[in-house]
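Source: prediction; values computed, not measured. Below, each value reflects all heavy atoms present in this structure, side chains not excepted, and no hydrogens, waters or symmetry copies.
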Amino acid sequence: MYASTLLVSLLGASTIIAAPTWPALNWDAVKTDGLETVSEYFNMLAQKVEWGKSMASAPVCDLSKAQMAVAPVDPLLPPSPGLTLKHVAIGRGTQNYTCDLTNATAVPFAVGAMATLFNASCVASTYPDLLQLLPKLALTFNLTAQEDKMGPTNMIVSGKHFFTNLTTPFFNLDLNSQYQLGEAPCEKLNQTAAPDNAPRGLQGEKAVAWLRLKTRSGATGNLQEVYRVETAGGSAPASCQGMPAAFEVQYAAQYWFWEGTSQQD
């Protein structure tokens with residue numbers, strides 16, 4: 001398989017699928033720099049397809065070559081010694097909040113998140129510049145009812161992310177029968193603010209924090225740590241003024257899943 005064929009199969013919109021099945025541009029995003037993001041994506045994709053035509057074989061999806069982003073200020077601690085990268089995904093969904101409408105000075109309270117996870121492992125190992133763009137690109141397109149498409153890409157769904165309670169983010173990577181990667185109930189180890197230039201949300205919301213998570217008892221697939229980096233949007237407003245009792249803020253992020261045989265703080 002030529003490198004260009006692999007790239008288009010991963011990231012290029014297929015022409016044989018009926019147009020209504022693909023997510024539509026979100027016009028709130030387009031009002032900012034959404035069209036520029038889409039244009040940048042397809043220009044980058046075309047450039048890499050041209051490069052791929054001159055390659056004798058397709059690049060190998062070697063996760064040992066993938067490099068997780070490091071925050072420029074107050075970076076997260078690196079993965080624990082002995083852990084290896086198992087999977088990289090783009091999460092596209094919502095951060096969820098509640099407001100106490102009886103309190104005039106109340107601030108939004110985070111009550112979890114829900115997201116679909118799209119397999120980005122091969123992109124992470126071979127095209128890191130494209131990977132960096134994907135959360136911003138994902139936020140430029142509407143969520144679909146089926147949540148099985150991420151913008152104009154052909155990336156397959158690799159899992160779901162949700163909360164089982166207020167303190168337990170959960171990742172199910174066993175949804176795809178071909179790739180049983182495990183399940184991971186988690187707890188937060190530490191966090192750091194997203195960079196100042198991180199992509200903002202559809203209404204100008206700041207990007208949510210970058211996180212380092214540790215799996216809890218019951219995790220499978222030897223999953224040990226999960227990182228959320230390169231976030232786009234998702235933050236709540238500073239106050240509850242004018243907000244409903246419960247609301248969602250759309251976001252996207254990279255999720256990096258690390259595996260090993262033991263857990264270390």
Side-chain angles (χ1 to χ4, degrees), residues 3 6-14 22-26 29-30 32-49 51-52 59 61 63 65-71 85-95 113-144 147-161 171 173 176 179 194-195 197-202 205 207-211 226-234 250-257:
L6 172 66
L7 184 62
V8 173
S9 68
L10 286 171
L11 294 171
S14 171
W22 293 91
L25 273 172
N26 186 296
V30 170
T32 54
D33 61 351
L35 288 179
E36 292 179 7
T37 301
V38 175
S39 177
E40 181 182 1
Y41 169 76
F42 279 109
N43 287 337
M44 194 180 296
L45 188 65
Q47 182 183 60
K48 294 184 184 304
V49 167
W51 289 345
C61 296
L63 277 177
K65 297 180 179 179
Q67 298 292 317
M68 186 169 64
V70 177
L85 183 61
K86 183 170 189 175
H87 184 60
V88 181
I90 301 298
R92 174 68 172 94
T94 61
Q95 296 287 317
M114 296 184 67
T116 300
L117 304 175
F118 295 89
N119 189 341
S121 291
C122 282
V123 184
S125 64
T126 53
Y127 305 107
D129 51 347
L130 271 173
L131 180 75
Q132 184 180 17
L133 184 63
L134 287 179
K136 185 177 181 181
L137 178 76
L139 207 56
T140 305
F141 288 81
N142 289 326
L143 293 168
T144 63
E147 296 183 359
D148 59 351
K149 303 292 182 186
M150 197 195 85
T153 77
N154 281 333
M155 295 166 64
I156 65 172
V157 173
S158 60
K160 292 286 186 178
H161 168 44
F171 300 88
L173 299 179
N176 191 314
Y179 306 101
N197 63 349
R200 289 180 173 260
L202 304 181
E205 305 94 345
V208 289
W210 295 18
L211 304 177
V226 182
Y227 284 72
R228 183 180 78 185
V229 300
E230 297 290 6
T231 52
Q250 295 192 35
Y251 87 108
Q254 294 177 16
Y255 287 94
W256 293 62
F257 297 86

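Nearest heavy-atom pair, Ala207 versus Pro199, reported as atom, atom and distance to 0.1 Å: CB-O, 3.7 Å. Closest approach of Ala69 and Val229 over heavy atoms only: O-CG1, 4.3 Å. Nearest heavy atom pair, residue Thr231 against residue Ala253, reads CG2-CB, 3.8 Å. Taking every heavy atom of both residues into account, Gly234 and Tyr251 meet most closely at CA-CB, 3.5 Å. Of all the heavy atoms in Phe257 and Ala89, the pair that sits closest is CE1-CB, 4.3 Å. Considering all non-hydrogen atoms of both residues, Arg200 and Leu139 come closest at O-CD2, 3.7 Å.
To the nearest 0.5 Å, atom CG of residue Leu134 and atom OH of residue Tyr127 are 13.0 Å apart.
Partners of Ser125 by side-chain hydrogen bond (donor to acceptor under 3.5 Å, both in side chains), not counting sequence neighbours: none found. Scored by the ring pair (Phe, Tyr, Trp, His ring centres under 6.0 Å) test, Tyr255 finds His161, Phe171 as partners (sequence neighbours excluded). The side-chain hydrogen bond (donor to acceptor under 3.5 Å, both in side chains) search around Gln254 returns Trp256, not counting sequence neighbours.
In this structure, Arg228 contributes its side chain and Gly91 its backbone to no donor-acceptor pair below 3.5 Å.
For the pair Leu85/Ser121, no side-chain contact is recorded, criterion being any heavy-atom separation below 4.5 Å from C-beta on.
By the 6.0 Å contact criterion, CE on Met68 is enclosed, its count of non-hydrogen atoms from other residues, nucleotides or ligands being greater than 12. Heavy atoms from other residues, nucleotides or ligands lying under 6.0 Å from CD of Glu205 number more than 12.
The only member of Val88, Leu173, Ile90 that meets side chain to side chain contact (heavy atoms under 4.5 Å, CB included) when paired with Leu117 is Leu173. Test Arg92, Lys160, Lys149 against Thr116 for side chain to side chain donor-acceptor pair (under 3.5 Å) and you get one pass: Lys160.
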Subject >> side-chain contact (heavy atoms from CB on, under 4.5 Å) between Asn119 and His87, intermediate numbers included >> reply: CA-CA 8 Å; Asn119 189 341; His87 184 60; 3.4 Å; yes
Original post:
When you look at Tyr179 and Ile156, which way does the side-chain contact (heavy atoms from CB on, under 4.5 Å) test go after all the steps?
Top reply: CA-CA 11 Å; Tyr179 306 101; Ile156 65 172; 3.9 Å; yes
